[in-house]
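By convention in this document, chain letters (A, B, ...) are assigned in the order of the sequence lines, proteins followed by strands, and residues within each chain are numbered from 1.
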Number of protein chains: 2
Amino acid sequence: MTEVAQQVGVSPITVSRALNKPEKVSEALREAILKAVEETGYVPDFAARALASRHSNLVGVLTSLLGSAIFPPVMRGLEDRARDSGIRLQYANTRYDPKEEIYQLKQFYGQNPTGILIGGVQMDPGVMDMLSRAPCPVVQFIDITMPPVDMAIGINNAAAATTATQHLLSQGYRRIGFAAARLDIPVRMRLSGFQHTLQDAGIFDPNLIFLTGGDTVIPAASRVLDGLFAAAPDLDAIFCATDEMATGLLFECQRRGISVPDQMGLCGFTGLEFSGYTVPALTTVQTPLYDLGFKGLDMVLRTRAGRPTPKILDLGFQLITRDTTRRTGG
Amino acid sequence: MTEVAQQVGVSPITVSRALNKPEKVSEALREAILKAVEETGYVPDFAARALASRHSNLVGVLTSLLGSAIFPPVMRGLEDRARDSGIRLQYANTRYDPKEEIYQLKQFYGQNPTGILIGGVQMDPGVMDMLSRAPCPVVQFIDITMPPVDMAIGINNAAAATTATQHLLSQGYRRIGFAAARLDIPVRMRLSGFQHTLQDAGIFDPNLIFLTGGDTVIPAASRVLDGLFAAAPDLDAIFCATDEMATGLLFECQRRGISVPDQMGLCGFTGLEFSGYTVPALTTVQTPLYDLGFKGLDMVLRTRAGRPTPKILDLGFQLITRDTTRRTGG
DNA sequence: TTGTAAGCGTTATCAG
DNA sequence: CTGATAACGCTTACAA
């Protein structure tokens, strides 16, 4: 920066101003400075900037879903909102591990973050404690019926699961299983909606819940079918906690010659891009993933700007009935 | 940090040492300091640390594939290599836009990065120029036959495509199309291998190349089939630049009642987790994605440590023949 | 093994 | 509108 300043014949602070508060520098000087910046290939040092100004314009996004097909639309929303706001986005993968969450939170806290967006994995006390100490606004991607540490955005998972389960019942399915990779918070809420709906109908069977564990969803589909059929040979439908699970099960049914939707109904969750394109097309609960990113970051930026912001934002959901639950018989 | 130092009754520099070079501090003091760190909830300021020490332990990962199904295994490799190395990983999405690449590179350069890993999108001169000025080791995820700015890791895409195309020919397919979202570098090399193989066989038709453009691959499958069939009503196979494209085309063939593999052969590329589970299972070229991440970061860390490192690392590939090219007739 | 002094590159504050 | 000065929180270099 000193080099740029010397080249133009001004003091470093003027260069700083030309870059950060252009309106405070005369136009002629500003142009000369920007030209010199180009020529010298000057790149500002963010560490020094953050140290001196005490803010980093860095927003951290922590999630276990960074490597999942759910995340790309969220990312598009985040990035569209970040564009032209001066905010830098930094993603970190927490891999369903509270230790990793705490470690990554420390990494962010050490950078004077402007905001933290975190996918609610589980209510680990260490993580909650850490979050409550955050030096910045925190938005949790989580079920909106949970009390957030600071702010929350998401949907009412139990209500969505209830809607989906009622749809399965309305199509005549009666022996309905539940399949998920793991019981993170949103999935737990989905299970709860599923369970209550079936209990109300008098047909809930706790043996028909299958968790695969592990990272890979689609290859686990075979184990899911084995497990559920062992518990109920007359199984006729599966409510899946994610579209990936539903897709894997669809493939596995095809492989075994089980006809979908007649012998087996399948319902997914969080409509992924491809779920409308499988054959048969997947019934699913669509959630506004793009908005999750866009509006989630918006909550942080509004808070920072001191503008009024709801603490909890319900994005709503939509059941999309397609072919995997459309019984021709009844 | 001063607070921690006062609580223990030492100078700040001793706290710094206890944290960064524990072996240089007596054990008693070290324990007392670590305890005080816990109690006070002290989190080091990375900006100050980077400013003073002139290194950030930050490795930037730039890619257009951050939101793609290809990336999760790469990410696992990166994170496994980063674990316990003190390295922080930061991902940025470049969205196939050279402007975005340059912007993100600037963001990283401003942080004294320890290394940059970048997915080679296209040889944009501005990006290349920027990369050649990098203040750290740079590893390009790219075709290994391209000269890298610094280091490169990947496969020989043309050779892999040649192998796959020869397989299609050996199965008796003759009117073979090529489908891709866009011609980034690796895909261009695949096209080149595809083209040369068909030219050698005397059956290359330049009209049978279809690019969808855009972000969404699977929904575009219908347009691909329309376009290719318009060019060649007797089309009998499609070599797809990615598994996602192949999966979309498989669904679309099923929808149209085109039997795969008999009426239409389909071959994908970069074996994703799910490609072995579609029905029929997808023939594809498997590439070692986990290693791409693990060994890519390893190249950076070896370079930093002054250990000998190849400039170009060929990870190899493997053709996996499955059902979408296994003609029962011939 | 521990402490002192100086400085990393930038911006806040206050003066001109 | 521009500049001088001090400070941000930490680490390097050197000294005790």
Which whole-number value in Å describes the distance from [X] [atom1] to [N] [atom2]?
| X | N | atom1 | atom2 | value |
| --- | --- | --- | --- | --- |
| B/I33 | C/dT2 | CD1 | C1' | 10 Å |
| B/K24 | D/dT11 | NZ | P | 14 Å |
| B/E23 | C/dT2 | CD | C1' | 15 Å |

| query | Which value, rounded to the nearest 0.5 Å, describes the distance between A/D97 atom CG and A/S64 atom OG? | reply | 8.5 Å
| remark: To the nearest 0.5 Å, atom CG of A/D298 lies from atom CZ of A/R307 at 6.5 Å
| message | If you take any heavy atom closer than 4.0 Å to DNA chain C, which residues from residues 103-113 of chain A end up in contact? | response | none
Are the side chains of [X] and [Y] in touch, meaning some heavy atoms are under 4.5 Å apart?
| X | Y | value |
| --- | --- | --- |
| A/F46 | A/L58 | no |
| A/R30 | A/L34 | yes |
| A/E79 | B/R95 | yes |

| said: Using side-chain contact (heavy atoms from CB on, under 4.5 Å), reason through A/E101 and A/M130 one step at a time and then give a plain yes or no. | reply: CA-CA 9 Å; A/E101 285 189 298; A/M130 196 79 193; over 6 Å; no
| side-chain contact (heavy atoms from CB on, under 4.5 Å) evaluation trace for B/S56 with B/R88 | CA-CA 8 Å; B/S56 60; B/R88 296 181 290 145; 4.2 Å; yes
| field | side-chain contact (heavy atoms from CB on, under 4.5 Å) involving A/E38 - partner list, sequence neighbours excluded | value |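 Partners of A/E38 under the side-chain contact (heavy atoms from CB on, under 4.5 Å) test: none.
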| Does C/dT2 have OP1 or OP2 sitting under 4.0 Å from an N or O in the side chain of B/S26? |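 It does, given that an N or O in the side chain of B/S26 lies less than 4.0 Å from OP1 or OP2 of C/dT2.
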| field | nucleotides 4-16 of chain C: protein proximity per nucleotide (B base, S sugar-phosphate only, - neither; heavy atom, under 4.0 Å) | value | B--BBBBBB----
